[in-house]
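Everything on this sheet refers to the single structure shown next.
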Amino acid sequence: MSKSLQAIRGMNDILPEQTPLWRYFEGTVARLLDNYGYKQIRMPIVEFTELFKRSIGEVTDIVEKEMYTFEDRNGDSLTLRPEGTAACVRAVLEHGITGGGQVQKLWYIGPMFRHERPQKGRYRQFHQIGLEVFNLDGPDIDAELIIMTWRLWGELGIRDAVKLELNSLGTSESRGHYREALVEYLSAHHDKLDEDSQRRLKTNPLRVLDTKNADTQAVLVDAPKMADYLDDESRAHFEGLKARLDAVGIPYVLNPKLVRGLDYYSKTVFEWVTDKLGAQGTVCAGGRYDGLVEQMGGKPTPGVGFAMGIERLVLMLETLEQIPQEIARQVDVYLCAFGEEAELAGLALAERVRDELPNLRLQVNAGAGSFKSQFKKADKSGALYALILGDDEMAQQVVGFKPLRGQGEQQSIAWDALAAHLATCVVQG
Ligand code: HAM
C-alpha cells in the first residue's frame with residue numbers, strides 16, 4: 001500500500017479484536033464516575049491555537065513543539081487539542097456554568113493530539129479520560145480524585161502495579177519565591193547544566209527539576225526544595241490531602257521534583273506511575289489549577305483535575321493479564337436457519353426474543369450456507385448456544401437448542417418458550 005494511503009505514524013486504528021477491552025475499560029471508568037456524581041461534557045476536538053498557548057503555557061514542550069496547528073480557510077490559527085483541560089475551562093466559561101461559585105464536577109473522553117516521537121505507550125493521537133472540578137478549593141476534593149482512581153485500579157486489578165507520586169507547587173506567590181531561589185542556585189552552577197536546562201533556566205526554571213540529564217540531576221541534589229518555600233495556606237492544603245489519603249489507606253511517595261509539563265498547576269500535583277510499561281510509565285496525572293480560569297478571563301475559580309491515558313491503561317491490563325473472561329465473548333446465541341422458509345421464521349423469532357431479552361447478544365446467520373458452514377460460523381462467533389431451524393423444527397414449531405461449549409445435549413424448545421428458556425441459561429451483560 002502506498003505510504004500516503006496508510007495511517008499517519010503514531011495514529012492507530014483500534015481493531016475489532018481490541019475494542020472489547022477498550023469498551024470494558026471505558027465502561028468501568030464511566031460507571032465509577034457516574035457513581036461519584038460526575039457529569040460528562042463533550043468539547044470539540046479543534047480549538048483556536050491561542051487557547052492552548054494561554055493555558056498550557058508558551059514555553060512548554062507541548063506548545064513549543066508538539067501541537068498540530070494549521071490555518072483554516074478563514075485564516076484562523078486552529079489546533080487539534082493536545083489535552084482537555086484548556087477546552088473544558090473554555091467551555092464552562094463560555095456557558096457560564098461555574099458562575100456564582102457553582103460547583104461543577106465534569107468528565108470527558110476522547111482523542112488528543114501531540115507531535116511526540118512515537119514509541120510504546122506514546123502516540124501522536126492518543127485517548128484520555130479526564131475530569132475537572134470547579135469551585136471547590138479544599139484538599140477534600142483533591143483527595144476524592146485520588147481515592148476514585150485508587151478504587152478504579154482496584155476494580156481493574158492493577159492496584160499493586162501503580163504508585164502514587166505527590167507534590168505541592170504552592171500558590172503562585174510561594175512558587176514565585178521558590179523560583180527566585182532556584183534560579184539563583186542554578187545560575188551559580190550554570191556551566192554544569194545541560195543545554196536544555198540552561199535554556200529552561202531562562203524560560204521555565206521549574207522544569208529543570210524534571211531533567212533526565214545525569215549531570216544536571218547531580219547539581220539538583222543540593223538545590224532549594226519547594227517544600228521549604230510553601231506558604232502556610234499551601235502547606236495546610238497539602239497536609240489536609242495527605243491526612244485524607246492516610247485515612248483511606250492510600251500509599252504515596254512524595255516527589256519534590258514532580259512539576260508536570262503544563263504551566264497551569266498550583267498546589268497539589270500528582271502522577272500515578274508504573275514500571276510495567278517501560279519508559280512511558282505515567283498512566284494518570286493531574287493537579288490543582290486555581291489560577292487558570294482567571295488567567296483565561298473568568299472570575300477567580302479554583303479548579304482541580306486529572307487525565308488518564310487509555311492506551312497505557314489498556315496496555316497494562318494486557319501486560320498484567322487482567323482481562324475479564326466475559327468480555328472476550330461478544331455473542332451469546334447464534335441462530336442458524338436452513339432454507340428460505342426457516343430463514344423468514346428465524347428472523348421473526350429472533351425479533352420476538354430480542355423484544356423480551358433486550359440485553360441478549362443474539363446473532364442471526366447471514367449469507368445462508370450449508371449446515372456445516374453455518375455451524376462453523378456459530379462456533380467461531382464464540383456463542384454459548386446455537387439455535388437451529390431446519391425442516392423438522394419448522395414442522396413442529398420448535399427450535400433446536402444446542403450447547404456449543406459442552407454444557408449438555410441438544411434439545412427442542414417451542415418457539416413460544418424460547419425467550420424464557422434463554423433467560424434461564426444466558427447471563428445477560
Ligand atoms: P498530561 O500529563 O499531559 O496531563 O497527560 C495525562 C495522561 O495522558 C498521561 O499521564 C498519559 O497517561 C497520557 N498521555 C499523555 N501524552 C500521551 C501520549 N503522547 N501518548 C499516550 N498517552 C499520553 C494532561 O493532559 C492534563 N490535562 C491533565 C489534567 C487534567 N490536569 C488537570 N486536569
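Each ligand, and each atom within it, is numbered from 1 in the order the structure gives.
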Only pairs under 3.5 Å count here: list side-chain donor-acceptor contacts from residues 152-163, not counting sequence neighbours, and write none if there are none.
{"residue": "Arg159", "atom": "NE", "partner": "Trp150", "partner atom": "O", "Å": "3.2"}
{"residue": "Arg159", "atom": "NH2", "partner": "Trp150", "partner atom": "O", "Å": "3.2"}

Using residues 285-309 as the side-chain source, report each donor-acceptor pair under 3.5 Å to any protein atom, sequence neighbours left out, with the distance given to one decimal.
{"residue": "Arg288", "atom": "NE", "partner": "Asp142", "partner atom": "OD1", "Å": "3.2"}
{"residue": "Arg288", "atom": "NE", "partner": "Asp142", "partner atom": "OD2", "Å": "3.3"}
{"residue": "Arg288", "atom": "NE", "partner": "His237", "partner atom": "NE2", "Å": "3.4"}
{"residue": "Arg288", "atom": "NH1", "partner": "Leu136", "partner atom": "O", "Å": "3.2"}
{"residue": "Arg288", "atom": "NH1", "partner": "Asp290", "partner atom": "OD1", "Å": "2.8"}
{"residue": "Arg288", "atom": "NH2", "partner": "Leu136", "partner atom": "O", "Å": "3.1"}
{"residue": "Arg288", "atom": "NH2", "partner": "Gly138", "partner atom": "O", "Å": "3.3"}
{"residue": "Arg288", "atom": "NH2", "partner": "Asp142", "partner atom": "OD1", "Å": "2.7"}
{"residue": "Tyr289", "atom": "OH", "partner": "Glu132", "partner atom": "OE1", "Å": "2.6"}
{"residue": "Asp290", "atom": "OD1", "partner": "Gly303", "partner atom": "N", "Å": "3.3"}
{"residue": "Gln295", "atom": "NE2", "partner": "Arg54", "partner atom": "O", "Å": "2.7"}
{"residue": "Thr301", "atom": "OG1", "partner": "Lys299", "partner atom": "O", "Å": "2.7"}

Table please: side-chain donor-acceptor pairs of residues 182-191 below 3.5 Å, with sequence neighbours left out.
{"residue": "Tyr185", "atom": "OH", "partner": "Val219", "partner atom": "O", "Å": "2.6"}
{"residue": "Ser187", "atom": "OG", "partner": "Val183", "partner atom": "O", "Å": "2.5"}
{"residue": "His189", "atom": "ND1", "partner": "Tyr185", "partner atom": "O", "Å": "2.9"}

side-chain contact (heavy atoms from CB on, under 4.5 Å) between Met67 and Phe113, worked out: CA-CA 7 Å; Met67 296 207 300; Phe113 303 84; over 6 Å; no

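Between the side chain of Asn167 and the backbone N or O of Pro256, at least one donor-acceptor pair lies under 3.5 Å.
Distance check: Cys88 SG to Arg81 CZ gives 10.5 Å after rounding to the nearest 0.5 Å.
For ligand 1, the 4.0 Å heavy-atom shell takes in Glu83, Thr85, Arg114, Glu116, Gly121, Arg122, Tyr123, Phe126, Gln128, Glu132, Arg260, Leu262, Tyr264, Tyr265, Thr282, Val283, Cys284, Ala285, Gly286, Gly287, Tyr289, Gly305, Phe306, Ala307, Gly309, Arg312, ordered by chain and residue number.
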